[in-house]
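Reckoned from all heavy atoms, side chains included, excluding hydrogens, waters and symmetry mates. Here is how names work: the chains are called A, B, and so on, in the same order as the sequence lines, proteins then strands, and each is numbered from 1.
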Number of protein chains: 2
Amino acid sequence: MIKDYIKIIRPLNDVMIGFSVIVGSFIASGRQLPNLYSLLFGFLTGFFISASSMVFNDIMDIEIDKINNPNRPLPSGKIKIRNAYTMFYLFSIIGLLFSALTGIITFIIAIISYFIAYFYNKFGKKSGFLGNIMVAYSMGVPILYGAAMISKLNFNIMVYWLMIFLSGIAREVTKGIADVEGDRKAGIKTIAVIMGEKKAAIIAFIFYAIAILLSPIPVILGKVYPLIYSIPIAIVDMVFLSVSIITIIKPTKQISTKNKNISLLAMFLGLLGFLISTKP
Amino acid sequence: MIKDYIKIIRPLNDVMIGFSVIVGSFIASGRQLPNLYSLLFGFLTGFFISASSMVFNDIMDIEIDKINNPNRPLPSGKIKIRNAYTMFYLFSIIGLLFSALTGIITFIIAIISYFIAYFYNKFGKKSGFLGNIMVAYSMGVPILYGAAMISKLNFNIMVYWLMIFLSGIAREVTKGIADVEGDRKAGIKTIAVIMGEKKAAIIAFIFYAIAILLSPIPVILGKVYPLIYSIPIAIVDMVFLSVSIITIIKPTKQISTKNKNISLLAMFLGLLGFLISTKP
């Protein structure tokens, strides 16, 4: 049924990824609207690569879903595996095609992101720290893509991406502290499983600390309105610093669960900070 | 200890409310940056009114928290009730003062919002539909405030607010379907408790439907770039329509929980739609 074909691509996720690209180009341009052509192609690239990844994710998880989510389109047999593969290939081609039509740099970023999503679905979920890196990469890549789309992929944007990437890794490592029991049973070798919660908390702190140390660069480069940038970003830095120190002092499930949620809110605030402070 | 004084105001919540005001002025202006003075005063109004409301919330909930959250600053005795009241009054005055300094319209909106938050904390939480209305009002008010701050409080912005308000009510009613068991035990008279899940789902549908019917108005008014507005908003309309119909067909806890989460994502997408499509 059509409903299952819609369900398997998780359309709202895909829409969000598509819009993240537009938000990225917004930030890079200093709140200019790209032309409708870039806007549409950027959105569709994000949408279809995300959709292909969602279908592939369900293909990879079919055995687990037979137990945990038997009503999903694949384990329930409402969509045949062969058809799911066809969808996956089709969406991959459409997504990459729209990106190729946008330009060579966007195409390269899309290809890299596509394969990172592919490897994450195929091997990465169980791989602990490598999986963390792949997730953190994906969190920031719409900014790079959106910037490349309007030929604004400069050093400043890469610093933004790097800060998202580093704090994303820190957040994923903190998440590992919260999930350590389940991960240990499932044989997922996260840093918290291998080295213990305390060391994982210290490693998360180090990644946050590097992100914080990078945060004055946009001001030094003169790419932002200093005050408008500094107020939200200083708040974000303080939040990162305090949550990571608290987690080192008390690396429990409860504390790290709370801290990973607070971090996500702080990352969102940081993004708003980039959005309102970047000069056109 | 200083830590408890920070904890009781829930600083990250307050920061988010402060930033919502800035996002509101962004939308109203068509992505212009207000001057630093408005930016700062708008942020501080949102921050301090939110902080005062958080403190007041903890004062009202002290008896319940003695059982559910005994470690919170008030039930644990780390902050004295008298000091909490002092904080509450102080933050209320600071927040309203910053708003008065911004202008008469902003001051009126701040006063109204302040008292709605006050009555919600004091009586509204247990009052079912009236509480839903108060929460839905609060979801959209930063847009009104941000627009008023830059003297752009026009008919179009009020339509935006109305759409957020109506879909917010619909979402709160749907939330009531998800929480019906707990609410019934706690004596909270939500629509789902009084009239049953099915009728609550129909009422949620009606509110969504009115919001959807309003959504072409900004195009008719010529206040938005039609294509850039229509793509995200049409997606949001379709999501609202399908989740509310699904909830009518199957008004279970599981379905309504899922639908209220999807709705929130859709509302966020709608906000992005306003942000990128509104003409300067």
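- Atom NZ of Lys279(A) sits in a crowded spot, with more than 12 heavy atoms from other residues, nucleotides or ligands closer than 6.0 Å.
- By the 4.5 Å heavy-atom criterion applied to side chains, Val15(A) and Leu265(B) are not counted as neighbours.
- Between Tyr225(B) and Leu36(A), the closest side-chain pair of non-hydrogen atoms is not below 4.5 Å.
- With contacts defined as side-chain heavy-atom distances shorter than 4.5 Å, the pair Leu40(A)/Ile231(B) qualifies.
- Taking CZ from Arg31(B) and OG from Ser29(A), the interatomic distance works out to 9.0 Å, rounded to the nearest 0.5 Å.
- Interface residue Ile22(A): only side-chain heavy atoms are found under 4.5 Å from chain B.
- To the nearest 0.5 Å, the span separating CE on Met238(A) from CG on Leu12(B) amounts to 10.5 Å.
- With a 4.5 angstrom heavy-atom cutoff, Ile276(A) touches chain B via backbone and side-chain atoms both.
- Taking the six-membered ring for Trp and the full ring otherwise, Phe268(B) and Phe268(A) have centroids separated by under 6.0 Å.
- Residue Ile262(B) touches chain A through both its backbone and its side chain, counting heavy-atom pairs closer than 4.5 Å.
- Looking only at heavy-atom pairs under 4.5 Å with chain B, the residue among Ala266(A), Pro232(A), Pro11(A) that has the most is Pro232(A).
- Counting non-hydrogen atoms of neighbouring residues, nucleotides and ligands closer than 6.0 angstrom, the NZ atom of Lys260(A) exceeds 12 such neighbours.
- No more than 12 heavy atoms of other residues, nucleotides or ligands sit less than 6.0 Å from atom NZ of Lys258(A).
- For Ile235(A), the part lying near chain B is the side chain, with the backbone staying farther off; criterion is any non-hydrogen pair under 4.5 Å.
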